[in-house]
Amino acid sequence: DSGVTQTPKHLITATGQRVTLRCSPRSGDLSVYWYQQSLDQGLQFLIQYYNGEERAKGNILERFSAQQFPDLHSELNLSSLELGDSALYFCASSVSGVSTDTQYFGPGTRLTVL
Amino acid sequence: GENVEQHPSTLSVQEGDSAVIKCTYSDSASNYFPWYKQELGKRPQLIIDIRSNVGEKKDQRIAVTLNKTAKHFSLHITETQPEDSAVYFCAVDDRDDKIIFGKGTRLHILP
């Protein structure tokens, strides 16, 4: 167990809908990262937050947004969902958010868009 | 931006044999090279990392080598065991202080 929690574990929804994925980092970690992993694909970096502020942005679609709250938990919002958004979404956390920090991954949320 | 290539995409080795996975990167400024292991249905976990001031690092049956001149690094697993079956991802830090992952190598250990 990495200490990073994600809810829900599974999510099934329809095209056009909006969902929110939640992540709680390890105790003491200030930075949160979001990744998308599609079937047979690597880990696509979406976005990173550090202590409530956006630090880095990857290939995140405009339909997706995220935020990190004062208690350091983070939410990833996915809207106008398409079939191609079906994937495993991982959250990771690290102590200070620099690239040389070890990232600890949560168990992931599996999103299925029908 | 940084580009990370990982080969092979799939690798099958006999139990007890060695496995080698290779990655190349494009940005000579990169300094940090971690490797993550993802077992089926599980989360990725860091197994070993190396920094640019070191050429090789070993942890029991796992080793990583780095050639900064050629911009490539490799993961070596010796005396492979069934529990080594997983997907392995290399990663590299980029100029924006992000980690860029390779596409992964699915390693099968054959009995």
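Lettering of chains follows the sequences in order, A, B, ..., and the numbering in each one begins at 1.
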* Asked: Taking 4.0 angstrom as the limit, do B:Glu39 and B:Lys37 come out as a salt bridge?
  -> yes
* Which atoms of B:Phe33 come close to chain A, meaning under 4.5 Å heavy atom to heavy atom: side chain ones, backbone ones, both, or neither? -> neither
* Structure fact -> If one checks every heavy atom of B:Gln45 against chain A at 4.5 Å, the contacting part turns out to be neither
* Check each atom of B:Lys98 against the heavy atoms of chain A and say whether the ones under 4.5 Å are side chain, backbone, both or neither. => both
* Asked: What residue, out of A:Thr100, A:Val98, A:Leu43, A:Thr102, has the most heavy-atom pairs lying under 4.5 Å from chain B?
  -> A:Thr100
* Structure fact -> The interface call for B:Pro44 against chain A, heavy-atom contacts under 4.5 Å, is both
* **chain B contacts, top residue of A:Gly108, A:Ala56, A:Gly58, A:Ser2 (heavy-atom pairs, under 4.5 Å)** => A:Ser2
* Side chain / backbone / both / neither for A:Tyr35 at chain B, heavy atoms under 4.5 Å -> side chain
* Asked: Using non-hydrogen atoms only, which part of A:Gln37 is less than 4.5 Å away from chain B: side chain, backbone, both, or neither?
  -> side chain
* Structure fact -> Taken in chain and number order and not counting sequence neighbours, the residues that satisfy side-chain hydrogen bond (donor to acceptor under 3.5 Å, both in side chains) with B:Asp96 are none
* To do: Taking atom types as modelled, find out whether B:Ser26 and B:Glu2 have a side-chain donor-acceptor pair closer than 3.5 angstrom.
  => yes
* **Greatest number of heavy atom pairs closer than 4.5 Å to chain A - which of B:Ile99, B:Asp97, B:Val87** => B:Asp97
* **Side-chain touch A:Glu53/A:Gln67, heavy atoms, less than 4.5 angstrom** => no
* Determine whether B:Tyr88 and B:Leu66 fall in the same hydrophobic cluster, where Ile, Leu, Val, Met, Phe, Trp and Tyr are linked whenever their side-chain heavy atoms lie under 4.5 Å apart. => yes
* To do: For A:Asp71, check side chain to side chain contact (heavy atoms under 4.5 Å, CB included) against everything at least two apart and list the hits.
  => A:Phe69, A:His73
